[in-house]
Amino acid sequence: MDSQYQPKQIEAAAQAEWTRTNAYRVVENATDKNGKPKPKFYACSMLPYPSGKLHMGHVRNYTINDVMLRYLRMKGHNVLMPMGWDAFGMPAENAAIANNEPPAKWTYANIADMKAQMQPLGLAFDWSREITTCKPDYYKWNQWLFLKMLDKGIAYRKTQTVNWDPVDQTVLANEQVIDGRGWRSGALVEKREIPGYYLAITQYAEELLDHVTNKLPGWPERVRVMQENWIGKSVGVRFAFPHQIKDADKENAGTLVQDGKLFVFTTRADTIMGVTFCAVAPEHPLATLAGSGNTELAAFIEECKKGGVAEAEMATMEKKGMPTGLSVTHPLTGESVPVWVGNYVLMSYGDGAVMGVPAHDERDFAFAKKYRLPIKQVVAIAGKDYSNDAWQEWYGDKQAGMCIHSGKYDGLAYLPAVDAIAADLQAKNLGEKKIQYRLRDWGISRQRYWGTPIPLIHCDDCGVVPVPEKDLPVVLPEELIPDGSGNPLNKHAAFLNVACPKCGKAARRETDTMDTFVDSSWYYMRYCSPDSQDRMVDARNDYWMPMDQYIGGIEHAVLHLLYARFWTKVMRDMGLVKFDEPFTNLFTQGMLSAECFYREDLAGKKRWYYPDEVEVKHDDKGRPAGAIAKDDGQAVMLGGMEKMSKSKNNVVEPKDIIERFGADTARAYVMFAGPPDQSAAWSDSGAEGVYRFLRRLWAYCAANKDAMKAGGSGEKSAALRFAIHSVLKQAQFDYDHLKYNTVVSACMKMLNAIEDAGSQAAEVGSALNESMSILLRVLYPVAPHIAHQLWNDLGFATDAAGIIDAAWPQVDAGALEQDEIEMVVQVNGKLRGQIRVPKAATKEEIEKLALHDDNVKRHTEGKPVKKLIVVPGKLVNVVI
RNA sequence: GCCGGGGUGGCGGAACUGGUAGACGCACGGGACUCAAAAUCCCGCGCCUGCAAGGGCGUGCCGGUUCGAUUCCGGCCCUCGGCACCA
């Protein structure tokens with residue numbers, strides 16, 4: 001074998017062999033050598049958006065997946081790891097506008113690029129199952145299931161509030177609204193109500209909540225909690241303020257607005273006696289009515305339309321209001337309650353109106369102070385004084401207080417008060433208890449071109465007509481080029497014009513497309529039967545699903561993962577799948593960041609330098625003291641660790657790393673950089689450290705090939721075997737718990753132990769042989785190419801497959817047995833000495849040895865021992 | 001604003017159910033080899049103090065529980081992710 005480590009040659013050869021033997025192709029119901037069925041394991045990474053560039057975050061995601069696959073395959077599992085492309089979406093349209101070419105062309109070229117960039121990493125994808133979501137044979141099934149949902153009443157039409165760019169005359173995504181302005185036009189964004197299609201995820205709210213709490217023990221706690229809070233179940237009361245307000249100038253003039261009832265929902269019905277106003281959304285019928293005769297109010301309502309629809313924006317903006325001059329009647333006291341318009345009340349949530357209890361709601365308190373509305377305390381906590389001057393935390397506490405100034409409800413605590421009040425409202429036919437979810441139905445309409453066409457036809461006579469199943473898929477024309485001013489499908493006659501399926505008259509196709517979260521809600525099932533022509537999923541799906549391990553970014557903790565769970569339950573209720581939850585275990589990986597450098601010009605504008613362009617200076621303690629640009633030798637600022645991004649020029653590209661060090665180093669370093677579920681920082685010199693380790697491993701094997709044979713059984717062998725099996729035990733645990741960073745450490749420790757043992761065959765020959773065979777198998781999932789090559793070169797391979805199907809090494813309990821154990825001695829919790837005790841020593845013997853230690857004596861001398869704590873095998877604490 | 005993470009040497013991080021804080025690696029310093037450089041190997045490396053043995057301090061900040069706290073509890077600060085049309 002070569003005395004030098006040559007990653008390029010080794011990796012090319014290993015990959016060629018695995019390609020030749022079709023090593024990554026998996027089939028259902030695989031069996032082992034004895035004909036026994038192998039347990040199936042489906043491990044899948046969240047599919048990437050084909051941006052064109054593979055970045056280190058992808059490498060981290062897929063390496064985690066690949067390490068898991070290779071480890072479990074050694075342990076005898078039939079493991080599936082597929083890959084595909086989340087190919088619809090906005091970036092393709094943006095690129096299309098910039099380059100004046102169709103999004104399809106850009107997308108397909110990017111897919112080819114990214115696939116080529118993945119290839120040298122040696123990932124064990126079964127490419128025969130590749131999926132591209134922008135292809136008709138995939139999105140046909142989005143359309144098919146959408147129509148089924150429409151049938152069942154799960155999909156429905158209603159208005160939605162969107163960001164509107166008044167200059168470009170187009171709907172904007174939240175991401176396209178920057179500081180309240182359209183990203184292209186710079187115009188102030190407005191809210192606009194337009195019709196759209198929704199999926200009734202709230203029909204599944206209870207089950208989604210119950211299952212995430214009780215049936216997903218394999219999910220990270222934090223993701224479960226985030227989903228629970230997102231669904232946000234609360235029990236409250238929906239009730240009405242009666243009124244006599246009549247419509248003015250519409251065709252139904254003279255009739256009561258909304259039948260004379262202003263409905264609101266509250267989780268604090270116990271504070272209903274403290275209501276001093278009601279607030280309605282600017283689009284609420286009462287606001288519209290009041291605004292028609294009041295120019296000042298009309299102007300305010302107009303002003304409320306400014307700004308975007310993002311929740312963070314709504315929550316942080318200044319709360320403003322204006323009285324309508326209208327009033328409604330308190331349902332219990334009969335008092336008159338003024339109605340205000342509030343910019344913070346949204347028409348699309350609940351009934352578009354809220355009750356105002358300034359004394360016990362922080363937002364209402366601030367609103368009342370601002371507009372000098374009365375504040376009426378109706379809940380008290382014993383020993384605490386209420387003051388209208390400033391908000392106190394306890395004013396909003398519903399657990400500790402009891403009702404006051406509330407007539408017959410005085411003295412009741414939260415729950416009894418809510419019950420009593422709900423009962424009284426119900427008796428008056430004005431309200432009832434209601435379970436409310438924070439979760440809202442999923443709006444899937446996008447006024448965009450590059451997505452799955454919504455399969456509906458608008459007919460002047462028949463209304464909205466579904467496309468008949470036989471006409472699916474509704475194929476998206478791929479040659480259009482958007483120009484930034486709305487959906488090009490609206491200008492494309494060949495797509496637009498169609499005969500009504502019902503009456504045959506000329507009709508128009510729906511031009512809205514589906515949210516790309518639809519595509520990602522079920523792609524992982526399609527991997528199981530990617531070629532199924534006449535079914536969305538087939539029997540092969542029943543073999544692989546539910547998925548055993550899903551791996552992806554924490555940023556998907558709520559939306560994607562909730563939509564996919566919902567979609568699965570819908571498919572289950574349609575008899576398409578037999579399981580409730582798609583992902584048995586979930587692993588959320590952290591993000592990768594990298595050092596960045598910049599120089600600021602006089603105007604404060606930053607120019608970001610590539611790491612290659614700068615040289616970092618260190619002080620004599622190794623701290624980075626500054627940096628200079630290589631071209632002009634002038635100082636450059638250290639920008640610290642930032643998420644890798646193009647704008648900061650700190651993106652590390654996998655192909656550069658592979659070019660310099662090889663794929664095994666790239667893979668091992670992204671695993672070694674930190675715990676896979678937390679964010680980690682890229683460091684070139686860290687990667688060099690891993691490269692150094694692989695080189696050292698190679699050099700050791702090349703130099704000591706002959707020493708690693710039979711021979712030796714003495715103390716040195718025992719010490720080496722103790723070290724190796726201890727580390728193996730830990731590595732085994734780490735593999736099972738996806739702690740791949742410490743797996744790499746374990747491999748380094750093993751090599752250190754092997755090197756320390758010397759290379760005398762007569763002393764340690766067989767122990768070296770065993771140790772190296774363990775090291776190679778522990779290393780293999782992380783750095784498969786070098787492990788494969790060394791496994792063959794050192795003659796460990798027993799069959800043609802090589803290390804890829806080698807058996808996982810077993811810990812030898814005998815090797816871990818020791819005659820003497822090292823224990824530490826503390827005095828009052830401070831470490832004062834170390835002792836060696838025989839394995840079988842009694843508690844008394846240990847205590848005696850501990851008190852006998854010189855340094856321990858020094859600290860205990862002349863002081864009575866109050867207490868002695870012995871933790872077997874670990875430590876003794878002497879309390880004086 | 002709301003929900004959820006994270007904070008340990010100069011850096012990335014380790015520490016199983018509360019039990020030796022800093023494994024492994026990087027950076028840095030010293031040395032060996034070399035004409036020289038690269039590569040490689042050896043030694044040192046939390047901070048303060050001491051010739052040394054040792055001692056004091058130390059896991060974001062403040063407080064609590066415990067023989068013992070990075071770990072558990074209460075309060076705060078900073079930071080990252082998400083907030084429904086980015087994916």
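The sequence lines fix the lettering, A, B, ..., with proteins before strands; numbering per chain opens at 1.
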Side-chain N or O of [X] versus OP1/OP2 of [N]: is the shortest distance under 4.0 Å?
X        : N      : result
A:Arg438 : B:rC3  : no
A:Arg222 : B:rG5  : no
A:Asn229 : B:rG82 : no
A:Lys830 : B:rC57 : yes
A:Arg224 : B:rG5  : no
A:Lys739 : B:rA15 : yes
A:Lys867 : B:rC67 : yes
A:Arg695 : B:rU40 : yes
A:Thr516 : B:rA87 : yes
A:Asn741 : B:rA14 : yes

Figure out the [atom1]/[atom2] separation between [X] and [N], and round it to whole Å.
X        : N      : atom1 : atom2 : result
A:Tyr344 : B:rG1  : OH    : P     : 18 Å
A:Lys874 : B:rA69 : NZ    : C1'   : 15 Å
A:Glu190 : B:rC85 : CD    : P     : 20 Å
A:Gln176 : B:rC85 : CD    : P     : 13 Å
A:Glu311 : B:rG81 : CD    : P     : 18 Å
A:Leu562 : B:rA84 : CG    : P     : 14 Å
A:Arg692 : B:rA27 : CZ    : C1'   : 10 Å
A:Tyr523 : B:rA87 : OH    : C1'   : 12 Å

Look up atom [atom1] in [X] and atom [atom2] in [Y], then write down how far apart they are to the nearest 0.5 Å.
X        : Y        : atom1 : atom2 : answer
A:Asp519 : A:Tyr139 : CG    : OH    : 10.5 Å
A:Ile231 : A:Tyr437 : CD1   : OH    : 8.5 Å
A:Asn142 : A:Thr133 : CG    : OG1   : 8.0 Å
A:Ile846 : A:Ile835 : CD1   : CD1   : 7.0 Å

For [X], answer base if it contacts any base atom (sugar-phosphate contacts may also be present), sugar-phosphate if it contacts only those atoms, and nothing otherwise; contact means non-hydrogen atoms under 4.0 Å.
X        : value
A:Ser445 : base
A:Gly443 : sugar-phosphate
A:Trp230 : base
A:Val225 : sugar-phosphate
A:Asn752 : sugar-phosphate
A:Val825 : nothing
A:Phe693 : nothing
A:Val744 : nothing
A:Val879 : sugar-phosphate
A:Phe672 : base
A:Ala557 : nothing
A:Leu868 : nothing
A:His556 : base
A:Pro48  : nothing

Mapping A:Met748 and A:Ala680 to their closest nucleotides on RNA chain B, which lands nearer the 5' end?
-> A:Ala680
Comparing nearest nucleotides in RNA chain B, the 5'-proximal residue of the pair A:Asn877, A:Thr316 is A:Thr316
Syn-anti status, with the boundary at 90° from 0, for the nucleotide B:rG9 = syn
Integer angstrom distance from the [atom1] of [N] to that of [M]:
N      : M      : atom1 : value
B:rC16 : B:rU70 : C1'   : 15 Å
B:rG44 : B:rC72 : P     : 35 Å
B:rC78 : B:rC86 : C1'   : 27 Å
B:rU71 : B:rU20 : C1'   : 15 Å
B:rG13 : B:rC85 : P     : 33 Å
B:rG81 : B:rU66 : C1'   : 35 Å
B:rG74 : B:rC80 : C1'   : 24 Å
B:rU79 : B:rG60 : C1'   : 11 Å

Mind checking who B:rC57 pairs with, Watson-Crick or G-U wobble, both distances under 3.5 Å?
-> B:rG46
Watson-Crick or G-U counterpart of B:rG1, or none if no pair lies under 3.5 Å | B:rC83
Side-chain H-bond candidate by donor/acceptor type, [X] with [Y], under 3.5 Å:
X        : Y        : result
A:Thr170 : A:Asp165 : no
A:Glu228 : A:Thr213 : yes
A:Trp567 : A:Tyr204 : no

Nearest to the [X] side chain among [options], which nucleotide is it?
X        : options                : answer
A:Leu559 : B:rU20, B:rA84, B:rG1  : B:rA84
A:Ile554 : B:rG19, B:rG81, B:rC85 : B:rG81
A:Arg832 : B:rG81, B:rC67, B:rG56 : B:rG56
A:Ser685 : B:rA87, B:rC26, B:rA84 : B:rC26

Is there a donor and acceptor pair closer than 3.5 Å between the side chain of A:Gln447 and the base of B:rC85?
-> yes
Check the pair A:Trp85 / A:Tyr523 against ring-ring contact (aromatic ring centres under 6.0 Å, His included), numbers first and verdict last.
-> CA-CA 9 Å; A:Trp85 311 98; A:Tyr523 71 98; over 10 Å; no
Mind telling me whether A:Trp682 and A:Tyr669 have parallel, tilted or perpendicular rings, with 30° and 60° as the class edges?
-> perpendicular
Within-4.5 Å side-chain heavy-atom neighbours: A:Arg565 and A:Gln227 | yes
